[in-house]
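Down below is the structure, laid out as structure tokens.
A note on names: the letters A, B, ... follow the listed sequences, proteins ahead of strands, and every chain is numbered from 1. Since we're looking at a predicted model, the values are computed, not measured.
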There are 2 protein chains.
Amino acid sequence: MQISAYAKDCPSRQILDRIGDTWSVLIVVMLADGPHRYTELARRIQGVSPKMLTQTLRGLERDGLIERTVYAVVPPRVDYALTELGRSLHGLVEALEKWAEAHIDEVLAARQAYSAK
Amino acid sequence: MQISAYAKDCPSRQILDRIGDTWSVLIVVMLADGPHRYTELARRIQGVSPKMLTQTLRGLERDGLIERTVYAVVPPRVDYALTELGRSLHGLVEALEKWAEAHIDEVLAARQAYSAK
DNA sequence: CAGCATCCCCTTCGATACTG
DNA sequence: CAGTATCGAAGGGGATGCTG
């Protein structure tokens, strides 16, 4: 076997990059219970800067995971919502959470044992 | 709801960080079919530097995902193998790959549509 | 309100050289 | 063979200020 981190065209790599991205995951989780406005996301996702929020939202939109709806009102209002695909990804994230919760104790125990060495 | 990227103690966050790490995933995949030596990994995982390889292996070992076996021979020989926990994680990675393969077309289509705008 | 542009720091990582 | 040590480049991301 021979594998490469540079196989950017590999489906797994692309999804991994998404999943590995802190803000992407948090946004998907936030949107899982319904659409939210920009400011709402900014306020409820602790620690995110406007720059990263926008940048991440664009990336998710580009990949068809969220949908951006602009209302022609003053002041402006923009809603973000998960698409079908986005909800599917959220399912994957949930599977991940389940694994994490099921095995975090073993990981923590391993770390204890490791530093004891 | 209110979520934070700084909740480092959150199980999901820790697993996410691991999953998001390029080299960690590649190593886990490499070791899925059995133990391998250091040099073997270095050669077969394209693009990894000794520094990152060692660093990543230490991280995985620390978290109890792989096991490091040193043979007292000359020249030295060190084997790395997945632990039970590591194999479990590999299962998760496989689930991820399945999702990726199942949905990559939709993502690519979305990107096409997005750049066409 | 919902962003974009700019500056800049600071971590991350690759390259290289060396060692038990 | 299996690493460690050091240096330096690159870019991710925060802070700030401005706009439609």
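Separating the CG atom of B/Asp17 from the P atom of C/dT11 is a distance of 16 Å, rounded to the nearest angstrom. One interatomic measurement links the two molecules: CD of B/Glu40 to P of D/dG3, which rounds to 13 Å at whole-angstrom precision.
Remark: nothing in residues 18-28 of chain B comes within less than 4.0 Å of DNA chain D through any heavy atom. Looking at residues 46-79 of chain B, you'll see B/Ser49, B/Lys51, B/Met52, B/Pro76 sit with a heavy atom under 4.0 Å from some atom of DNA chain C.
Listed for the B/Glu40 side chain is a donor-acceptor partner under 3.5 Å among the backbone atoms of B/Arg37. Checked by atom type and distance alone, the side chain of B/Thr83 pairs as donor or acceptor with a backbone atom of B/Leu65 at under 3.5 Å.
For the pair B/Tyr38 and D/dT4, the criterion of a side-chain N or O lying under 4.0 Å from OP1 or OP2 is not met. Between A/Arg37 and C/dC1 there is no side-chain polar atom (N or O) within less than 4.0 angstrom of OP1 or OP2.
More than 12 heavy atoms of other residues, nucleotides or ligands lie within 6.0 Å of CD in B/Glu106, so this atom counts as buried by the packing criterion.
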Kindly list each side-chain donor-acceptor pair under 3.5 angstrom involving residues 20-34 of chain B, sequence neighbours excluded, with atom names and distances?
{"residue": "B/Asp21", "atom": "OD2", "partner": "B/Ser24", "partner atom": "N", "Å": "3.4"}
{"residue": "B/Asp21", "atom": "OD2", "partner": "B/Ser24", "partner atom": "OG", "Å": "2.7"}
{"residue": "B/Ser24", "atom": "OG", "partner": "B/Arg18", "partner atom": "NH1", "Å": "3.4"}
{"residue": "B/Asp33", "atom": "OD1", "partner": "B/His36", "partner atom": "NE2", "Å": "3.2"}

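Residues B/Thr69 and B/Tyr80 bring no donor and acceptor atom of their side chains to less than 3.5 Å of each other.
Hydrophobic clustering, with ILVMFWY side chains joined whenever heavy atoms are under 4.5 angstrom apart, keeps B/Tyr38 apart from B/Val74. Hydrophobic clustering (ILVMFWY, side-chain heavy atoms < 4.5 Å, transitive): A/Leu57 and A/Tyr71 are in distinct clusters.
Salt bridge annotation for A/Lys98-A/Glu101: absent, with no cationic side-chain nitrogen under 4.0 angstrom from a carboxylate oxygen.
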